[in-house]
Amino acid sequence: MAEAHKSEFSNPLVNWIDTRLPIFTMMQKEYGTFPTPKNFNYFWNFGALATVSLVIMIVTGIFLAMNYQPNAQLAFDSVQHIMRDVNYGWLIRYIHQNGASMFFITVYIHIFRGMYYGSYKSPRELLWMLGVVILLLMMATAFMGYVLPWGQMSYWGATVITNLFSAFPIVGKPIVTFLWGGYSVSNPTLNRFFSLHYLLPFVLVGVVFLHVAALHVVGSNNPLGIDVKSPQDTVPFHPYYTVKDSVGLCVFFLVYAILVFFAPNFLGDVNNFIPANPLQTPADIVPEWYLLPYYAILRSVPNKLLGVCMMFGSILILFVLPWLDTSKVRSARFRPIYRQIIWVWLAAVIVLGVCGAHKPEGIWVVLARIGTLYYFLHFLVILPILGKLERPLPLPESISRPVIVGGGPMPSGATAKPMEKA
Amino acid sequence: MGIMRSSLVAIALTALAAPALAQEEAPTPPSQHWSFQGPFGSLDLASAQRGFQVYSEVCSVCHSLEYLHYRDLRGIGLSADQIKAIAASVTVPQGLDDNGDPKEGPATPADQFKVPYPLPNPLQIGVTHTNEKADRAAHNGALPPDLTLIVNARENGPNYVYAVLTGYADAPASFKLMEGMNYNKFFPGHQIAMPQPLHDDQVTYADGTKATVEQMSHDVVTFLAWAANPEMVQRKQMGWRWVLFFLVMAGLTYAVKRKVWADVH
């Protein structure tokens, strides 16, 4: 018989449970004493913020689903019913609607933080790849969620995006018919999108769990991008990072509240206040802001199949980023060229986003093509070569002794003190 | 976002201009002052009530407010008795009688706003929709849109609706107006099927306000802005409480964080 787990909790009930199922020990180990690099900046808040976003989306979504009708005849009306007749229905819906934007902005900042500080590099490749899976699942979930209110942009957005699959030879058309459950976006499409929109967030929870599990195996990266060398480099997660994450959480909620209460439809599209009408196509079909860069990549390519491939490729390429970036140095702080071109890459993504919001005419086509070109150039050419050519700055000896010329803004006289456990 | 929004104007306007007219950029509607704008904005109840009068006496002949119920009128400051009286003055379909024939009767506060051209046999429980064919037939092929969400469904909604209501004019000599259409400075394509709906002194306001076209337009837009976002006043009030709460919490949490981290170097 296996040795029984000996719980150290003094509360008898907790001890009894923990001896049989050591969840309290696990929580204590993973979120209590978990040794975490002590030099995180506030960019390290965003993983926690994204997790909170996911929970908020699931909770509000469950309440919305209690009052929503996934039927093409009733969907639009039922959303108005939620907004007008359900107690605080408007609040729940606006939290959910704007929550999608908050979730994406946190995740995008989280991803950019990973790129800036090289968090995807060995040994965190799998952690990063799970993150890309999360992004893909989020995009699919958000897209299907946007269809549910069954307004004009819901309907036509769904038509355009599902139609993309028809670009693939032979299998394309059958895939589209399969997605639609018919020969156009219609009631069966709405039904299955609702079903999947309810399912995928729980798949997300599973992948997030793996993402966090992988993180807790290899440990967090940090702004210096160097490994933890000794216990002096770390602090226990609680209370140090629980309180620091709480600061970020308050600011996050502040921005969120401003959006929900004062500008709930600012990020939305006026066309979605018009019920879906299969006989009337809006002049310009625009996705939500968080999908605009990909949309711009799609439209910047004259060939439909190639455009679709490049759009998907722009995300799939992130899977191999750990191997495209040949530099051994993680943090951009010690990579004088990388720390500049990463901003150029970000600028290209923003330009692509702006292009995605405009009709593909005139200057917008040119800009979108330059943006697309640079996006791929960054990953496929610049990163592999830069890693070989760039002369990184000398790395600090350890997190607690960052005494190196050019080693960032850390105070040079800092001496490490043994951590007192809270 | 501003860039994105301007491109959306085009979409919104085109959707309104059905059947598709020349996609012409209409002039930007001038900004009016609205009681409900801004984070401190509230609802001018007197104006909203006058706007409801304009809707009832003028707009409601052709335009529905499908998502409103008479009970909702509490939101523009009407009392329960006033609402009862308003509802009772309207005759609405009440399903079938014992012989299976359509029945009509006075509305109650729980009833949906009367729809000008209801579907004869609504499938929906809850909302009665417009019978589009009957509606179009009665309006020379044009469909008067439902107005519940009109302020939200157009870019720069309040100013746009106001501009269209006050934007009727004689067509310039060079402009070719189609048969049965009307010239409007702010409607995309400048050709609108709706004849000028408001004229000076068309309604008589109980509070003595002079019913100019501008005044009526302003009032009806205030009413429609409420109809589109009936939760607005409560939302903003609640918003201030949450914003202040999170501001205080952010400050407190930051202070705690400083204290906790004080011994880390």
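All chains are named by letter (A, B, ...) in the order of the sequence lines, taking the proteins before the strands, and each is independently numbered beginning at 1. Predicted, not measured: the structure shown is a model, and the values here were computed from it.
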- [ ] Quick one: list whatever passes side-chain hydrogen bond (donor to acceptor under 3.5 Å, both in side chains) with A:R84, sequence neighbours left out.
- [x] A:Q80
Open item on the list: Could you check whether any side-chain heavy atom of A:K359 comes within less than 4.5 Å of a side-chain heavy atom of A:W364, counting everything from C-beta outward?
Closed with: no
Go through the atoms of [X] and report whether side chain, backbone, both or neither lie under 4.5 Å from a heavy atom of chain B.
| X | answer |
| --- | --- |
| A:L249 | neither |
| A:V255 | neither |
| A:N272 | neither |
| A:Y256 | neither |
| A:Y88 | side chain |

TODO: Please confirm whether B:Y70 and B:F113 have ring centers closer than 6.0 angstrom.
DONE: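 Distance test on ring centres: under 6.0 Å, yes.
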Open item on the list: Centroid separation under 6.0 Å, is that true for the rings of A:H81 and A:F76?
Closed with: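 Distance test on ring centres: not under 6.0 Å, no.
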Open item on the list: For A:Q69 and A:D77, which I'm curious about, is there any donor-acceptor pair between the side chains at under 3.5 Å?
Closed with: no
Task: Summary of salt bridge (charged side-chain N to carboxylate O under 4.0 Å, His left out) pairs that have at least one residue in residues 228-255 of chain A, sequence neighbours excluded - done: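 Sorted result for residues 228-255 of chain A: empty, none.
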Task: Non-neighbouring partners of A:F40 that pass ring pair (Phe, Tyr, Trp, His ring centres under 6.0 Å), sequence neighbours left out - done: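 So A:F40 forms a ring pair (Phe, Tyr, Trp, His ring centres under 6.0 Å) with A:W44, A:Y241.
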Open item on the list: Would B:K259 and B:W261 count as a cation-pi pair here, with the cationic atom under 6.0 angstrom from the ring centre and within 45° of the axis?
Closed with: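 Judged by the rule, B:K259 and B:W261 form no cation-pi pair.
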TODO: Tell me the residues of residues 222-231 of chain B whose non-hydrogen atoms fall below 4.5 Å from those of chain A, in number order.
DONE: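 So far as heavy atoms go, B:A227, B:A228, B:N229, B:P230, B:E231 are the residues that approach chain A to under 4.5 Å.
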